[in-house]
J.: 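Structure incoming, see below.
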Amino acid sequence: FELAGPPAAAVEDCATPLSALVDTASPALSSFSPSSCALDPAVMLLDLDAWLSLDVPSRVEYWLAQNRRLGGLFALDAAAPPLVLALLPLYRRLPREGNVAHLG
């Protein structure tokens with residue numbers, strides 16, 4: 001599976017809107033639509049060269065720092081929101097058939 005540019009490919013999780021993960025009413029998140037589907041970080045393919053060249057770790061750290069600075073963008077014990085925010089503008093969608101979430 002060739003990603004052809006994006007650092008990651010993931011399945012959208014439309015059962016979980018972005019507003020369920022983060023406070024989309026915050027001005028810091030105004031560029032994100034509250035009704036956007038979140039992506040499922042448990043079902044993801046990575047292109048490590050693109051991941052590093054686009055410096056995805058710094059993007060994740062940016063959202064962690066924003067949450068510390070502004071408070072309340074997402075729960076402090078939640079791992080997915082900073083990764084989802086970092087990848088939303090950068091990822092390629094995988095077919096939903098690839099996601100077998102909520103099986104039990």
Side-chain angles (χ1 to χ4, degrees):
F1 189 85
E2 183 64 38
L3 293 182
V11 175
E12 284 186 326
D13 180 2
C14 293
T16 305
L18 187 60
S19 61
L21 296 178
V22 299
D23 178 10
T24 52
S26 170
L29 299 173
S30 63
S31 64
F32 296 100
S33 170
S35 61
S36 293
C37 298
L39 59 90
D40 185 349
V43 182
M44 192 179 309
L45 298 174
L46 301 177
D47 176 335
L48 293 178
D49 290 332
W51 184 273
L52 294 173
S53 72
L54 292 170
D55 200 12
V56 174
S58 289
R59 293 169 184 264
V60 172
E61 289 171 357
Y62 168 81
W63 285 111
L64 289 167
Q66 288 292 92
N67 193 47
R68 275 192 308 272
R69 188 173 70 80
L70 301 172
L73 296 180
F74 48 85
L76 293 176
D77 62 346
L83 180 61
V84 169
L85 290 170
L87 288 177
L88 269 180
L90 301 173
Y91 81 105
R92 179 175 169 190
R93 288 173 182 83
L94 289 175
R96 291 188 185 174
E97 298 79 36
N99 190 357
V100 290
H102 315 295
L103 289 179

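Below, each value reflects all heavy atoms present in this structure, side chains not excepted, and no hydrogens, waters or symmetry copies.
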J.: How many angstroms lie between CG in Leu52 and OG in Ser58, if you round to the nearest 0.5 Å?
T.: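 Those atoms lie 10.5 Å apart.
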
J.: Please list all pairs meeting side-chain hydrogen bond (donor to acceptor under 3.5 Å, both in side chains) that have one or both residues in residues 66-76, counting only residues at least two apart or in different chains.
T.: Tyr62-Gln66, Gln66-Arg69

J.: Which atoms form the tightest heavy-atom contact between Pro7 and Ala50, and what is the distance?
T.: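 Closest pair (atom of Pro7, atom of Ala50, distance): CA-CB, 3.7 Å.
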
J.: Tell me which pairs pass side-chain hydrogen bond (donor to acceptor under 3.5 Å, both in side chains) where either residue lies in residues 43-53, with sequence neighbours left out.
T.: none

J.: Any pair with a residue in residues 29-84 that passes disulfide (SG to SG under 2.5 Å), sequence neighbours left out, goes on the list, sorted by first then second residue, please.
T.: Cys14-Cys37

J.: Look up atom CG in Leu21 and atom CG in Leu73, then write down how far apart they are to the nearest 0.5 Å.
T.: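 Going from the CG atom of Leu21 to the CG atom of Leu73 covers 12.5 Å.
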
J.: I'd like to know if Val43 and Val60 are part of one continuous hydrophobic network [Ile/Leu/Val/Met/Phe/Trp/Tyr, side-chain heavy atoms within less than 4.5 Å].
T.: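 Val60 does not cluster with Val43.
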
J.: Taking side-chain contact (heavy atoms from CB on, under 4.5 Å) as the definition, give me every residue that meets it alongside Ala42, ordered by chain and number, with sequence neighbours left out.
T.: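 Only Asp40 meet the side-chain contact (heavy atoms from CB on, under 4.5 Å) criterion with Ala42.
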
J.: Test side-chain contact (heavy atoms from CB on, under 4.5 Å) on Leu39 and Met44; report intermediate values, then the result.
T.: CA-CA 9 Å; Leu39 59 90; Met44 192 179 309; 4.1 Å; yes

J.: Could you pull out all donor-acceptor pairs under 3.5 Å where a side-chain atom in residues 83-92 meets a protein atom, sequence neighbours excluded?
T.:
{"unit_1": "Tyr91", "atom_1": "OH", "unit_2": "Glu12", "atom_2": "OE2", "d": "3.2"}
{"unit_1": "Arg92", "atom_1": "NH1", "unit_2": "Glu2", "atom_2": "O", "d": "2.5"}

J.: Suppose we screen for side-chain contact (heavy atoms from CB on, under 4.5 Å). Which residues come up paired with Ala20, at least two apart in sequence or across chains?
T.: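 Counting only residues at least two positions away or on another chain, Ala20 forms a side-chain contact (heavy atoms from CB on, under 4.5 Å) with Thr16, Pro17.
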
J.: With side-chain hydrogen bond (donor to acceptor under 3.5 Å, both in side chains) as the rule and sequence neighbours excluded, what pairs involving residues 23-34 come up?
T.: Ser33-Ser35

J.: Is any side-chain heavy atom of Pro81 less than 4.5 Å from a side-chain heavy atom of Trp63?
T.: no

J.: My understanding is that only residues two or more places apart in sequence, or in another chain, count here; which of them pass side-chain contact (heavy atoms from CB on, under 4.5 Å) with Leu94?
T.: Phe1, Ala9, Val11, Leu45

